[in-house]
Structures are given as C-alpha cells and as structure tokens.
Amino acid sequence: MASFTRGFGSRRREAEPDLPPGQYLTTDFPVLSAGPTPRIPLSEWSFSIRTETGETARWSWDEFTALPSEEVSTDIHCVTRWSKLGTSWRGVALDTLFDDVETSFDYVMAHSYGGYTTNVPLDDLLGGRAWIAYEFDGEPLDPEHGGPARLLVPHLYFWKSAKWVRGLVMQQHDDPGFWEQNGYHLRGDPWLEERYW
Amino acid sequence: MRTTGWLPARIAAVRPTTSHARVLTLDVPGWPGNDPGQHLDVRLTAEDGYQAERSYSIASSGPGERVELAVDTVPDGEVSPYLVEVAEVDDMLEVKGPLGAYFVWHESDTDPVQLIAGGSGIVPLLAMARAHDRAGSAAPFRLLYSVRTPDDALYRDEILDLAGRSVDLTWAYTRAAPEGWPEPVGRLTPDRVAAATWPPARHPLTFICGPTRFVEAAADAMVAAGHDPARVRTERFGG
Ligand SMILES: Cc1cc2nc3c(=O)[nH]c(=O)nc-3n(C[C@H](O)[C@H](O)[C@H](O)COP(=O)(O)OP(=O)(O)OC[C@H]3O[C@@H](n4cnc5c(N)ncnc54)[C@H](O)[C@@H]3O)c2cc1C
C-alpha cells in the first residue's frame with residue numbers, strides 16, 4: 001500500500017479517459033532519442049527485411065513510396081509519460097511488406113540509421129497494427145521525428161517505433177534491443193504499464 | 001543494478017539550491033545503489049489515492065540507502081512545485097529505480113568526458129563529476145553549463161569547488177551574465193559549443209542533458225564539430 005504524501009494533490013491534473021495509466025496529454029511533439037539526429041539523404045536510403053535464410057527484400061526510396069500506403073490516425077504513448085492523441089501519419093503497412101516474406105521466426109529486430117535497435121514480436125507488427133511511416137500531418141516526416149521513415153507501432157510505447165528505420169531482421173528469440181538492454185521492458189504495452197524490467 | 005518495485009522513501013533533508021530549485025535527500029530502505037547518471041521514478045499519492053509519477057535524475061551514486069535529487073520548479077507544473085515548495089522533512093513518497101543503463105559514466109573509463117548541461121540537466125552530470133572526483137579518476141573531465149543567469153545555476157558552489165580541483169568548467173549565460181563577462185549572452189551557438197568542448201581528436205564521451213530543445217541543439221553542434229554521434233549520449237527532460 002502506498003504511503004500518503006502529505007500535502008500533495010492540490011494541483012492535480014484531470015484524468016484523461018483515453019490515456020493509459022500514468023500518462024499525461026501533450027499537444028506539442030516532444031523529441032526523445034538516445035543521441036543526435038541522423039540525417040539520411042533519400043538517394044542513400046533503403047529499407048530491407050532479412051529472414052533466417054539470409055534472403056533479403058530491399059526497397060529504395062522510390063520503390064518504397066510507390067508501394068500502397070495508408071493514412072493512419074492514432075494515439076501515441078511515450079514511456080516518459082506523454083501521450084498525444086489523434087496524430088496522423090502516412091505509411092506502408094507491415095502486412096504489405098511481409099506479403100512476400102517467408103519466415104518461421106516469431107521475432108523481429110528493427111535496425112535504424114545511427115545504430116538504434118528495438119525488438120518486437122512479429123505478431124505486434126501484423127494485422128493492421130504497424131507501419132513504416134514517412135509522412136506526419138501531411139508533410140514529409142522531419143528528421144528529428146525519425147524521417148525519412150520510422151516504424152510506427154502505436155499500441156506499444158513509442159520507443160518501439162524506431163526512428164530512422166533502415167531494416168528488420170527476423171530472429172528466433174525475443175533478444176533485447178537498445179533500450180531493452182538498458183532497462184526498458186521487453187514488450188512495452190502502455191495499458192499494462194510495461195515500462196521497465 | 002536492476003530496477004526494484006516501488007520503495008517507500010522518507011525525505012531526510014531539503015535545502016534550496018536556487019530561488020526556484022531544491023536539493024532533496026531521501027532515505028530509501030532497500031535502495032540497491034546506483035551508477036552516476038541514472039534516474040528514478042517518483043510517485044506521489046494524495047490522501048484520496050490520486051497518484052502522479054515523474055522521473056528525476058539522481059545526483060548521488062554508489063552504494064547506500066540515501067539518494068539525492070535536485071528538482072527545479074516548472075511553473076504551472078504538478079509535481080515539481082510540490083517537491084520544491086511544499087514537501088518537508090519526514091514526508092513520505094515512493095521511488096522506483098535505479099533506471100537507465102545507458103546515460104551512465106563508469107569509473108573505470110579513462111577516456112576524456114565532455115559534460116554539457118542546460119538548467120536542471122546538471123543533475124546526472126553532477127553525479128558523474130562527483131564520482132570522478134571521489135574516485136580520483138584519471139579521465140579528463142570538462143563541463144559546459146548553460147544557465148539563464150548566475151543565480152539560476154543548481155549546485156553553483158559545489159560546481160565551482162569541483163572546477164578548482166577535477167573539472168574544467170565553462171559557464172554559458174542565456175539571459176544575464178556577471179558584470180564584465182567576456183562571452184556573449186544568449187543561446188549556445190555551434191561555434192561556442194565547439195570552443196568550450198574537447199576537440200573531436202580527443203574522442204571524448206559526451207553526455208548532454210537538459211530541456212529537449214537545448215539537448216537537440218547541443219548534440220547537433222557536437223556532431224557538426226566532427227564528433228562521432230555514437231559517442232554523444234543524451235538525456236532529455238522534456239519541456
Ligand atoms: C529521465 C528524466 C530525468 C529528469 N530529471 C530531472 C531532474 O533531475 N530535475 C528536474 O527538475 N527535472 C527532471 N526531469 C523532469 C521531470 O520529470 C518533470 O518533467 C518536471 O519536474 C516537471 O514536472 P511537473 O509535474 O512539475 O510538471 P507537469 O505537471 O508535468 O507539467 C509540465 C508542463 O506540461 C504542462 N502540462 C502537463 N500536463 C498538463 C495538463 N494536463 N494540462 C495542461 N498542461 C499540462 C504544464 O503546464 C507544464 O508546462 C527529468 C525528466 C526525465 C524524463
């Protein structure tokens with residue numbers, strides 16, 4: 001049982017019904033990353049998915065943006081406790097990308113330009129629940145928000161939505177990525193408050 | 001050191017460090033100790049059960065069940081004005097931690113270290129500078145500390161003390177400087193960051209902490225100056 005904190009509560013924030021526990025609403029778009037912002041020219045950008053056989057599906061920027069894309073309107077939740085409601089994105093569904101990928105592995109490691117990694121169960125990426133997003137609010141995605149393209153997995157804490165994503169590698173086990181090795185939860189469901197180890 | 005569940009913490013001491021920031025010492029039975037640079041979560045519970053949680057960097061490090069925090073008031077905020085203006089010795093709260101295994105400095109590392117702080121971003125960097133001083137570490141340390149005015153610097157006296165001993169210190173003032181201050185007053189420019197930090201040839205490990213925009217600007221400046229992005233670590237406080 002929590003001990004009461006004498007005198008606390010006078011400035012309480014109203015609870016927001018759409019927010020997972022422990023989150024507060026923000027209207028701006030905070031930037032959080034482990035290091036400086038990489039800037040990747042579109043001519044050098046590519047995205048790939050590599051399976052256990054070493055087979056690699058790869059898209060250049062032009063090939064990628066020619067794929068069928070979707071508009072996504074969704075709430076996002078950062079582990080540092082801000083949430084932003086009704087954000088709008090455009091991107092390619094992971095279902096589309098995995099259409100031609102043969103794999104029996106259940107886990108994915110997302111790799112980013114700049115070296116960031118994050119692990120996600122494949123199930124969390126399929127079924128219309130994840131995208132590689134390249135537009136925010138109708139504009140090309142800013143580098144500080146992960147442009148040219150980032151993973152978007154809005155039902156998990158936002159550190160899973162790897163910025164500057166460059167590829168996915170299938171893996172047999174749910175090996176931890178960057179923040180997962182550094183103290184954060186292996187899966188990161190905001191509604192279950194899966195913040196830390 | 002692994003994260004614990006919520007631990008009850010008793011406020012053991014409070015002291016002002018600026019007119020709007022306070023150092024809080026907590027007694028946390030069961031605290032597992034922490035590395036310099038880690039943070040914890042604070043949970044406050046009102047009498048009717050209402051709760052709020054926020055993250056705070058830890059100014060102390062090493063073993064022991066005493067933990068030091070420093071909190072700066074965010075005007076209009078919910079938790080920081082409580083911790084700075086209302087909380088008193090013997091009040092209870094809860095903490096969870098230590099958290100974060102990336103924004104930490106290890107005593108065994110002898111590479112040059114560049115610390116860049118904006119405002120309350122000094123807290124985890126002070127933990128590193130204290131650990132470095134205490135250990136008599138051979139790693140060359142530099143600190144660039146940006147504050148609005150001289151009176152806004154958290155831990156000012158202690159930082160001056162460390163600067164006389166084990167840290168090379170540069171102040172940057174964004175609103176008002178001491179009389180006769182030779183440097184320009186205003187936000188840090190890439191040139192000023194480059195002039196006040198280790199050159200890339202020294203391959204420093206850089207830790208940058210403070211409000212999000214400050215961190216973004218300082219990290220960009222380090223990369224523009226030629227530092228390897230993989231050697232630039234950042235902690236953003238939001239705001
Ligand atoms: C890893 C980490 C370490 C940190 N370390 C430190 C530290 O060492 N020292 C320190 O002082 N701070 C630190 N911080 C920042 C700290 O966690 C808090 O964000 C800060 O104290 C402000 O909290 P608050 O409750 O006072 O403000 P909040 O109530 O969270 O408000 C912050 C801002 O958001 C606005 N806001 C928030 N919610 C609402 C709402 N519902 N409606 C309207 N406006 C709203 C407020 O007006 C205000 O401008 C750290 C943050 C992180 C992520």
Side-chain angles (χ1 to χ4, degrees), chain A residues 1-15 19-26 28-40 78-84 112-117 142-145 159 164 176-185 193-197, chain B residues 2-3 6 8-10 38 41 43-55 76-79 81-83 86-88 90-94 96-104 206 208 212-213 215-216 218-224 227 229-239:
Chain A
M1 183 61 223
S3 22
F4 297 138
T5 306
R6 184 201 56 85
F8 172 69
S10 62
R11 300 208 195 193
R12 74 176 54 198
R13 305 283 185 208
E14 287 308 310
L19 293 184
Q23 297 293 112
Y24 72 86
L25 194 61
T26 181
D28 58 353
F29 197 162
V31 175
L32 290 138
S33 20
T37 295
R39 293 186 164 76
I40 307 109
C78 178
V79 71
T80 62
R81 299 178 196 286
W82 57 264
S83 289
K84 198 171 164 57
S112 294
Y113 292 93
Y116 180 76
T117 55
D142 277 341
E144 58 175 27
H145 293 305
W159 90 79
W164 315 296
F178 177 81
W179 286 124
E180 295 81 7
Q181 286 169 35
N182 283 298
Y184 287 94
H185 196 275
E193 284 203 87
E194 292 174 338
R195 295 178 190 281
Y196 312 114
W197 292 336
Chain B
R2 284 183 78 89
T3 312
W6 290 103
R10 187 184 66 89
Q38 290 193 287
D41 279 359
R43 180 161 80 179
L44 305 182
T45 305
E47 261 185 75
D48 62 0
Y50 169 78
Q51 294 185 319
E53 295 172 16
R54 297 289 185 279
S55 300
D76 202 31
E78 179 182 14
V79 170
Y82 172 81
L83 292 173
V86 182
E88 288 303 340
D90 283 340
D91 284 347
M92 297 296 294
L93 41 82
E94 290 171 293
K96 177 154 68 179
L99 304 170
Y102 179 67
F103 199 79
V104 295
T206 298
I208 307 176
T212 298
R213 263 181 212 94
V215 170
E216 197 67 13
D220 281 351
M222 290 301 277
V223 175
H227 292 272
R231 299 278 289 163
V232 179
R233 300 191 179 184
T234 58
E235 182 102 287
R236 293 163 169 88
F237 280 4

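Basis for what follows: all heavy atoms, side chains included, without hydrogens, waters or symmetry-related copies. Chain letters run A, B, ... following the sequence lines, proteins first and then strands; every chain starts at 1.
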Q) For the candidates Leu83(B), Ile208(B), Val215(B), Asp48(B), which exhibits the highest count of non-hydrogen atom pairs separated by less than 4.5 Å from chain A? A) Asp48(B)
Q. Can you name the closest pair of heavy atoms from Phe4(A) and Ala46(B) and give their distance?
A. CD2-O, 3.5 Å
Q. Got a sec, which residues hit side chain to side chain contact (heavy atoms under 4.5 Å, CB included) with Asn182(A), two or more places apart in sequence or on another chain?
A. Phe178(A), Trp179(A), Ala101(B), Tyr102(B)
**Q.** Interface moiety of Asp90(B) toward chain A, non-hydrogen atoms closer than 4.5 Å
**A.** neither
**Q.** Most chain A-contacting option - heavy-atom pairs closer than 4.5 Å, from Ala230(B), Pro81(B), Gly49(B)
**A.** Pro81(B)
Q: Output the distance between atom CG (Asp41(B)) and atom CZ (Arg195(A)), rounded to the nearest 0.5 Å.
A: 7.0 Å
Q. Between Ala52(B) and chain A, which part of the residue has a heavy atom less than 4.5 Å away: side chain, backbone, both or neither?
A. both
Q | More than 12 heavy atoms of other groups within 6.0 Å of Gln181(A) CD | A | yes
Q) Val223(B) versus chain A, heavy atoms under 4.5 Å apart: side chain, backbone, both or neither? A) side chain
**Q.** For Glu194(A), side chain to side chain donor-acceptor pair (under 3.5 Å) partners two or more places apart
**A.** none
Q) When rounded to the nearest 0.5 angstrom, what distance separates CD in Gln51(B) from CZ in Phe8(A)? A) 9.0 Å
Q | Exam field: side chain Arg54(B) to backbone Arg81(A), donor-acceptor pair closer than 3.5 Å | A | no
Q | Donor-acceptor pair, side chain of Thr5(A) and main chain of Met92(B), under 3.5 angstrom | A | yes
Q | Pairwise distance CZ(Arg39(A)) to CG(Asp220(B)) - rounded to 0.5 angstrom | A | 5.0 Å
Q) Between Ala87(B), Gly77(B), Ser55(B), which has the largest tally of heavy atom pairs under 4.5 Å with chain A? A) Gly77(B)
(Q) Which atoms of Ala218(B) are under 4.5 Å from chain A, going by heavy atoms: the side chain, the backbone, both sets, or neither? (A) neither
